[in-house]
Protein chains: 2
Amino acid sequence: MVRMNGQIGAALAVSTVIFALRPDLESGFSTLWLPLVRRTREPYLDQWALPGGGLPTDEELAGAAARTLRETTGLTPKYLEQLYTFGDPGRSPGGRVVSVVYWALVESDEAALAVVDKNVQWFSADHLPPLAFDHNRIVEYALWRLRTKVEYSRIAHAFLGETFTLAQLREVHEAVLQKALDPANFRRTIESSGTVVDTGQRVAGVPHRPPRLYRYNDSVHAVDSGALEPAIG
Amino acid sequence: MVRMNGQIGAALAVSTVIFALRPDLESGFSTLWLPLVRRTREPYLDQWALPGGGLPTDEELAGAAARTLRETTGLTPKYLEQLYTFGDPGRSPGGRVVSVVYWALVESDEAALAVVDKNVQWFSADHLPPLAFDHNRIVEYALWRLRTKVEYSRIAHAFLGETFTLAQLREVHEAVLQKALDPANFRRTIESSGTVVDTGQRVAGVPHRPPRLYRYNDSVHAVDSGALEPAIG
DNA sequence: GCAAAAGTGTTTAAACTACACCCATGC
DNA sequence: GCATGGGTGTAGTTTAAACACTTTTGC
């Protein structure tokens, strides 16, 4: 925490809730995971917390979020958006901290390779231990936002690579929404939305009809944030 | 602006976009208006800006928003929600300022009585002059949020008094969305949503069939912000 | 051929839209 | 009665859900 002696007595920090899909070893289905860092000083010494830190003087807010994400996980976010600013006096013992919180989505394949050590670990988003500060509440809100937004916006592809099958995209939706979706209806909904483009390629070597590969259609604008563009790292 | 000498070189401010409905004198229809304050110092001396100010040490963010709203207009918001935090370096000449921006709705009847003087005036939300800082962009985003949210959430009543007719509620929707709505379909949509309750009373003295008076149904929870409650002043 | 997932077609229900029409009041 | 907005009825259209069925691959 940074001490200040101006008349405005709040420190400014930026934190990020980072989501990736990882296969649950028990069920075999993909579920939401997020990386947390162990605190190395008081308050909340040794407890898990969201990656983040103080805001440097000349760094953009989204830039600070992308940087802490890269520093803790080694990953680059495919989607990054401001979540909310938490600033209750008393949310941090020892001095007021106002935290601008971002949420990010990272590609699943890459996430599997991400940094893990004694002080950085991935946790299942729906089964978190008690976290430092009000971070449990923050993750809950980020989860709500992700689950709401995946239904009306075009963010699910951020969990996937350059090309993907509709089955993969459907699995992302199913993992996020925690419910099964009808493959036939899902296909029609996505196709009519114009969010994806057929690459003409197909996946070979599968023991069934080879699925088409699609690509994200970035010529269609997402109608989700009005005048503000969601930052993309 | 506040000068600081800590290693974190950003000042924290809270601003509010305050919306009210006012009849347009030319067309006779209600339109969206908002109060702005004239800047009394550099930068942007004498230009119009959103009401706001630095964040006091022990005041909540929403509390600071409600206070500046009250101080500039004398009004109490019926709806108050965090909009976004703007923090680009360079958005304020003379030193970095991170602004946590709220948006508020105030009752139309009261708004007509609100403070107006040389340094506080109301402007039509869709015809603003060039404002100080990045405030034009902020208002645009707030307008987008209001217009999006009024369609799926239950906030329109915040422009009205304790009781209201469905025609009044429809006029709010029409003013915000800037398009006419079918009275018959509007009635059915609202009634089936359970957002309003019939008070049993009717409006007397009108030269046509007397309309029923409704009240906002606060027992039905709005599904709009997940874990976070929108603050209400 | 068989299993498995890709992909298509069809049926039904629900939601939204447009608009015709009747009702209750002041003048 | 007439004008005016309140309020109801209903038909057509669009959207979403459920599910049967056909297609194409590996083995």
Side-chain angles (χ1 to χ4, degrees), chain A residues 23 27-30 147-148 150-154 156-157 160 163-215 223, chain B residues 23 27-30 147-148 150-154 156-157 160-161 163-215 220 223:
Chain A
S27 70
F29 293 105
S30 284
R147 291 188 164 130
T148 309
V150 83
E151 290 199 275
Y152 70 85
S153 190
R154 314 159 355 89
H157 70 93
L160 300 172
T163 61
F164 46 86
T165 68
L166 286 188
Q168 289 175 318
L169 190 62
R170 177 167 48 83
E171 278 160 24
V172 171
H173 278 82
E174 289 178 338
V176 171
L177 299 176
Q178 297 178 298
K179 67 176 178 187
L181 299 173
D182 184 305
N185 295 333
F186 182 80
R187 164 176 297 276
R188 273 183 291 253
T189 305
I190 295 295
E191 279 177 345
S192 69
S193 74
T195 53
V196 298
V197 181
D198 190 345
T199 63
Q201 297 177 296
R202 287 161 186 275
V203 174
V206 288
H208 54 75
R209 180 169 172 174
R212 296 165 194 265
L213 277 170
Y214 293 83
R215 183 190 311 282
V223 187
Chain B
S27 71
F29 293 105
S30 285
R147 289 187 166 132
T148 309
V150 82
E151 291 199 274
Y152 70 85
S153 190
R154 313 156 358 86
H157 70 93
L160 300 171
T163 61
F164 46 85
T165 68
L166 286 189
Q168 288 176 315
L169 189 62
R170 177 167 48 82
E171 277 159 26
V172 171
H173 278 83
E174 289 178 337
V176 171
L177 299 177
Q178 296 178 298
K179 67 176 179 187
L181 298 174
D182 184 307
N185 296 333
F186 182 81
R187 164 177 297 276
R188 272 183 292 253
T189 304
I190 295 296
E191 278 178 345
S192 69
S193 73
T195 54
V196 298
V197 182
D198 190 345
T199 63
Q201 296 177 296
R202 287 160 186 274
V203 175
V206 288
H208 53 74
R209 181 168 170 177
R212 297 165 193 264
L213 278 170
Y214 293 83
R215 183 189 312 279
V220 176
V223 186

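Keep in mind the model is a prediction, meaning the values are calculated, not measured. Just so we're on the same page: letters track the sequence lines, and every chain starts at 1. Note that these values count all heavy atoms, side chains included, but never hydrogens, waters or copies made by symmetry.
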Q: Whole-Å distance between D:dT8 P and B:F186 CZ?
A: 15 Å
Q: Of the non-hydrogen atoms in A:A156 and A:H173, which two are nearest, and what is the gap between them?
A: CB-CE1, 3.4 Å
Q: With a 4.0 Å cut-off on N to O distance, would you call B:R170 and B:E174 a salt bridge?
A: yes
Q: Does the salt bridge (Lys or Arg N to Asp or Glu O under 4.0 Å) test come out yes or no for B:R187 and B:E191, once each step is laid out?
A: CA-CA 6 Å; B:R187 164 177 297 276; B:E191 278 178 345; 3.4 Å; yes
Q: Any non-hydrogen side-chain atom of A:P211 less than 4.5 Å from a side-chain atom of A:V206?
A: yes
Q: So, does A:T199 use its side chain to make a donor-acceptor pair with the main chain of A:L213 at under 3.5 Å?
A: yes
Q: How about A:F186 and A:R188: do any of their side-chain heavy atoms sit closer than 4.5 Å?
A: no
Q: Reading nucleotides 17-27 of chain D from the 5' end, what letters show protein touch, with B for base, S for backbone sugar-phosphate only, - for no heavy atom under 4.0 Å?
A: BBB---BBBS-
Q: Taking the side chain as every heavy atom from C-beta outward, state whether A:Y214 and A:I190 have any pair of such atoms under 4.5 Å apart.
A: no
Q: Within the side chain of B:R215, is there an N or O that forms a donor-acceptor pair under 3.5 Å with the backbone of B:T163?
A: no
Q: Tell me which residues in residues 164-176 of chain B lie within less than 4.0 Å of DNA chain D, going by non-hydrogen atoms.
A: B:A167, B:R170
Q: Is a side-chain N or O of A:Q168 found less than 3.5 angstrom from the main chain of A:T165, in a donor-acceptor match?
A: yes
Q: Indicate yes or no for a side-chain donor-acceptor contact from B:S153 to the backbone of B:V150 under 3.5 Å, with no hydrogens or angles considered.
A: no
Q: On DNA chain C, which is the earliest and which the latest nucleotide, 5' to 3', with an atom closer than 4.0 Å to a heavy atom of chain A?
A: C:dA3 to C:dT10
